[in-house]
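Remarks on the structure that follows.
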Number of protein chains: 2
Amino acid sequence: MGTSRNQTAVTLAQVAEAAGVGESTVSRVLRNHGSFSGKTRDRVMTAVERLGYVPNRIAGTLASTGSRLVAFVIPSLSNIVFADVLRGAGATLEEHQYQAVFAVTDYDPAREEALVASMLAWRPAAVMLAGYEHTERTIKMLRAANCRVVEMLDVDGTALDLAVGFSNRAAGRASAEFLLKRGYRRIGYVGHDLDRDTRAGKRYSSFCETLSANGVPLADREIYREASSVERGRLGLDLLLARTPDLDAVYFSNDDMALGGYFHCLALGIVIPSQLAIFGYNGLDLGRVMPQALSTIRTPRVATGQLAAKLIVDNAPSQVIDLGFELIEGATA
Amino acid sequence: MGTSRNQTAVTLAQVAEAAGVGESTVSRVLRNHGSFSGKTRDRVMTAVERLGYVPNRIAGTLASTGSRLVAFVIPSLSNIVFADVLRGAGATLEEHQYQAVFAVTDYDPAREEALVASMLAWRPAAVMLAGYEHTERTIKMLRAANCRVVEMLDVDGTALDLAVGFSNRAAGRASAEFLLKRGYRRIGYVGHDLDRDTRAGKRYSSFCETLSANGVPLADREIYREASSVERGRLGLDLLLARTPDLDAVYFSNDDMALGGYFHCLALGIVIPSQLAIFGYNGLDLGRVMPQALSTIRTPRVATGQLAAKLIVDNAPSQVIDLGFELIEGATA
DNA sequence: AGTTTTTTTGGCAGCGCTACCATTTTATGG
DNA sequence: CCATAAAATGGTAGCGCTGCCAAAAAAACT
């Protein structure tokens, strides 16, 4: 048991007692809110220091109106996308004394529902979600809750309140148009669970539609019902090429998958891009330092987090903000 | 403003009123604690459903003794290591109705200090940190706080309370011994900020000591004072080889850096491992699907998170648990 | 010195819940 | 049928703060 647990913590009342002032005075000094004299502040701070007082935010939040908690309910932590969003939001929130709380859904809408319910019990100032696809009950709860909602990383749909992101449909289309422009005609797709990662699903369907509209339907595809990974990308490309060897380009559901595909080509001596072109999504930093820069779409993930946080601390009115994306031509397609 | 904010939320008292029972009865039913009849439960649940009641955990936590918050104060979210740890801990904590809260230090001890202080204000059941290196005041606060402390990902030092991880010194030594055993004699190092990432620092110094003890001192090194990244790994190797072209092996501070080095070799046609061997640290999944499997050390990151969480929910006595690591021979060294 | 204004301060009622205790109701047993 | 145990229920005092209001002290004017 090592440390001294079970002792009751120092309270504001004890600090007030020790400093010889009233409780509300201590509260005012600590929050630097309202007025108090310099010597009072010194006496309070001395007592705080001496007793090692740490304010209890649970009590503080209960007593005051609105909390300063922001609840993130995200699909995954392994996916760098969400880590980037959190990182972007972190700084702004911290600056404004907000506290981030999070839970991971594993791309499961039912889990999202349960986690949102659980999060709302903390009476957060805002709930930050990925995308627009939620269960009916999730939407109902969020509407009923007295808090802001930010749907991040997508703008193709109807927002509950605030939304910050970019168009996955447009990204899918841009990817297809790029490959067509470059002259590829036998195009395949390697992806991960589209039912769950609905943003990847939107890119995929938009990609296919664009190809079809240009008279070049998708030649073949290999889709795993699992989370994306470098490993799945490599395996996927292997299976795809075994079935359809004459492909001249492959669109991957994201850069991780594409990296797997790239490794596969290296291992088998498939020359990129002359023999096979590779295109990803996300624009991870590592794409830039690959022997051949990865052709992909860079998404403003950190900026999404930053802006989402900013909208919350500024209590901005409901709106949808499209941050766009950037197509990186690279050397693999 | 879109949604219906500013309405006051339904309270337990209102549910009690609506169900025609006492407040404590509602509380008991909702927490499934204490005794109540079946028909009372039904009436309560009906009222809860009808009013859309969501319990207020802020109030609940304040009223009850210990909280069910677990505070993670981690160096980075971009580094997959910490995402893995969080993922491991997440499931267990959720199962036991604990809520994870987190903050990111950017490997800065001063920021860690500030964030720990801020976290303690939430009166968490436990604070989860990376490693043993903390400021004096951080340690003092944690000792004074009435909560458990878990130091993760390291076991080389003295634990405050609980510790779960593996020995970075042993990992550094094992890496050096492996390279020596394979016959490499001109060994270099490419790393990132060792002052801040003290675990990487421990691996490095232990690596060097082992080399020296075997009469093969480190030939050269290239250290960035920044966070690790694939990009830095590639640049680092470039600089290192420009200065010391006759190296036969390079030890990287982690797999991301090593991947950068690998890319560099591919780009320049440096044959691995005959011309240059590469060794990493972490054992990321992608290392397995590289054209040549990366030689590295696999660390039990998810397991660390799982066990850390389990110790907390079980209220285990103070102890240090070494989960060990696994050296993966791979094909790059 | 007496007013008026401004600044500083303390008291205390909640915030919404849980924990404890007292009370009522129901079941058990001789 | 009454005594006794067990189960179910309600009342209420806090948990540690904040926010409001009134009171006291200090400053600024006549």
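The figures here come from the full heavy-atom set of this structure, side chains too, leaving out hydrogens, waters and symmetry mates. Protein chains get the first letters and strands the later ones, always in sequence-line order, with residue 1 at the start of each.
- Here A:Y107 pairs with A:N79 under the side chain to side chain donor-acceptor pair (under 3.5 Å) rule; sequence neighbours left out.
- A:R57 places its CZ atom 15 Å from the C1' atom of D:dT18, with the value rounded to the nearest Å.
- Partners of A:R50 under the salt bridge (charged side-chain N to carboxylate O under 4.0 Å, His left out) rule, at least two apart in sequence or in another chain, do not exist in this structure.
- Using a 4.5 Å heavy-atom threshold, the side chains of B:V127 and B:V150 count as separate.
- Summarising the geometry of B:L120 relative to B:A145, their closest heavy-atom pair is CD2-CB, 3.6 Å, with the distance given to 0.1 Å.
- Counted within 6.0 Å of CD on A:E17, heavy atoms from surrounding residues, nucleotides or ligands total 12 or fewer; the atom is thus considered open.
- Separating the CG atom of A:L12 from the P atom of D:dG14 is a distance of 18 Å, rounded to the nearest angstrom.
- Looking at residues 21-45 of chain A, you'll see A:V21, A:G22, A:S24, A:T25, A:R28, A:S35, A:F36, A:S37, A:T40 sit with a heavy atom under 4.0 Å from some atom of DNA chain C.
- If you check residues 58-67 of chain A against DNA chain C, the residues with a heavy atom closer than 4.0 Å are A:L62, A:A63, listed by number.
- A nucleotide of DNA chain C counts as in contact with chain B when one of its atoms lies under 4.0 Å from a heavy atom; the first and last such, 5' to 3', are C:dG16 to C:dA19.
- A:H134 and A:E112 are linked by a side-chain donor-acceptor pair at a separation below 3.5 angstrom, with hydrogens and angles left out of the test.
- Between the two ends of the helix from C:dA1-D:dT30 to C:dG30-D:dC1, each summarised by a five-pair axis, the helix axis turns through 30° (rounded to 10 degrees).
- A:R41 forms no cation-pi arrangement with A:F36, by the criterion of a distance under 6.0 Å to the ring centre and an angle within 45° of the ring axis.
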